[in-house]
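Reminder, nothing fancy here: chain letters follow the sequence lines and each chain counts from 1.
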Amino acid sequence: MLENFEKELLKTIADISGLPDAGAFNIRRNGESAGRHSTENITIEPKKDKPGIDIRVMPFTSHEAVHIPVIVTESGLNDVVYNDFYIGEGAEVRIVAGCGIHNNGECDSRHDGIHRFHIGKNAKVTYVEKHYGEGEGTGARILNPVTEVYMDEGAECEMEMVQIKGVDSTVRDTKAHLAENARLLITERLMTHGAQTARSDVVINLDGDGSSAQIISRSVAKDTSEQIFYPRAVGNSRCRAHVQCDSIIMDSAKIRSIPEIAANHCDAQIVHEAAIGRINNDQLTKLCTLGMTPEDAEQVIIEGFLS
Amino acid sequence: MLELKNLSFTVDGGERGTEIIRDVSLTVNDGEFFVITGPNGGGKATLARLIMGIERPTDGQILLNGREITGLSVTERARLGVGYAFQQPPRFKGMTVRRLLSLAHGNPLPEDVCCEYLTNVGLCSREYLNREVDNSLSGGEMKRIEIATLMARDLDVAIFDEPEAGIDLWSFSVLVKTFKSMSRRKHKSVIIISHQERIMQLADRLAVIADGTVADLGTKEEIFPRLMNDLNDNCGFREG
Ligand SMILES: Nc1ncnc2c1ncn2[C@@H]1O[C@H](COP(=O)(O)OP(=O)(O)O)[C@@H](O)[C@H]1O
Ligand SMILES: [Mg+2]
């Protein structure tokens, strides 16, 4: 049975309170399955050789969702999981992942999710992953996700990866390969506070003609937290890519943003933009002229920026 | 009612600093439509910023409905019913037009009410509701949304800083109508900083601010002929 605070965690990261009534799902709690359900078109099976699941979506499945959130509520747990997604040709699916850590103890709690996506021809995937940490303990909340995406001809994938708050340390590693006419959009939003650290490496390989990719990274660093972004787009074909990193820096935080673009083909068109700056004073003043306190104004600006 | 009493504003620089506003005294009555005009750099925006509390005067007093507000913060003045549409409104990444209007209003606004405010500033409303108030909007669109944020509020004193800037002629007529009807309904006193004759025509009274001081003050019947003379003399809004 899920405790109330565990349901709250699920709500925060996957917008479900408890086990979903419909659709395919797998809820992982403290390294074990707390509920699993397959449907006619989506099967979820545990791996035999290592921790994790295989998620298979039948070709031409239309508009189905699968929830695979993870919660870690036991202090000191070091959870590693390998999840493979096989999305059949022409299928349309929404995948809701995410991890919430509740750590009330002195030991570090850690979850490393290694996700591999094999997206079939003309399939469409929407992927949402939210990371969140909470708890009174001194133990750290650590999340190190690895995401690999292999996209067949004409596949489309939109990935939204969010770190809401409370994650002490994260190293994110994302790789993608795009075949002909595949289209990938990665939106990354991240907030760090206290003495947290975050690093995100993204490499997109545009291998097929007509492929396109966009990486939009937005972050806010507060207090003494530190962030490093290293998004790279590599054009190996007639392709288009756009990389955009935009950060708000506050207090004594530090941010490094290193977008890299590479072209190995003369018809590759790749653009990058990067900006780091404080909250603009005019924005704060404007919201104060609407009756908000400077503190509320700051909050509203950050929320909008990360929305 | 808004009263400015012997207001001065000096910034650092030079031996005794630079006086940007010099001994300005003005009263704007309830129900009054007050236009401030005058040459660029004359101090109009600074005066508006002093009233809103964005800048603090070095001397003098500001009274709202008889109560002194000189020492109050921007937030406190806003809550007492002072509003200011910026000459150059800031942009907000990730904030929708609808959210901004709701924040201005103080509560979430229903779609049809949002649409009414937008239509009143010449924006085809439904298209704009979920647009972000970021760099994707043109300067003229930003200006009109800024004006709409004041229309979403019931204010004692609404100040508009050059609302006509960057706005095409067609939208401008809509805007003039909006000032005439909506603003009169929602705002007790309206102060518009403007160079546009059509806006000046709406004024009950006008003040000419030049060199940081009130160079002329009166009804439009009094001010207009003098303004035209000055312009014909080609020496601008000079005193004396
Ligand atoms: N904080 C400030 N520091 C220095 N100079 C200022 C400051 N605020 C305004 N000024 C100067 O005061 C003058 C009046 O500016 P402003 O009020 O914007 O004029 P207007 O709106 O009438 O064109 C300008 O020369 C401007 O550069
Ligand atoms: Mg001005």
Gap separating the CZ atom of Arg49(B) from the OG1 atom of Thr285(A), nearest 0.5 angstrom = 7.0 Å
Give a yes or no on this: more than 12 heavy atoms of other residues, nucleotides or ligands lie within 6.0 Å of atom CZ of Arg56(B).
-> yes
Atom of Cys288(A), atom of Ala78(B) and distance for their closest heavy-atom approach = O-CB, 3.5 Å
Got a sec: does the CZ of Arg153(B) have more than 12 other heavy atoms crowding it under 6.0 Å?
-> yes
Most contact-rich option vs chain A, by heavy-atom pairs under 4.5 angstrom, among Pro89(B), Pro90(B), Gly83(B), is Pro90(B)
If only atom types and distance count, is the side chain of Gln283(A) paired as donor or acceptor with the main-chain N or O of Arg91(B) below 3.5 Å?
-> yes
Considering only heavy atoms, which portion of Glu146(B) lies under 4.5 Å from any heavy atom of chain A: side chain, backbone, both, or neither?
-> side chain
Interatomic spacing from CE in Met292(A) to OG1 in Thr75(B) - rounded to 0.5 Å = 9.0 Å
Quick one: pull up NZ in Lys286(A) and CE in Met52(B) and give me the separation to the nearest 0.5 Å.
-> 8.5 Å
Chain B contact via Ser307(A) - which portion, at a heavy-atom distance below 4.5 Å = side chain
Thr289(A) side, atom OG1; Ile54(B) side, atom CD1 - distance, nearest 0.5 Å = 6.5 Å
Between CZ of Arg79(B) and OG1 of Thr293(A), what distance do you get to the nearest 0.5 Å?
-> 6.5 Å
Heavy-atom contact with chain B under 4.5 Å, split by part of Asp246(A) = side chain
Between CG on residue Leu290(A) and CG on residue Leu100(B), distance to nearest 0.5 Å | 6.5 Å
Do Asp282(A) and Gln88(B) touch side chain to side chain, with heavy atoms closer than 4.5 Å?
-> no
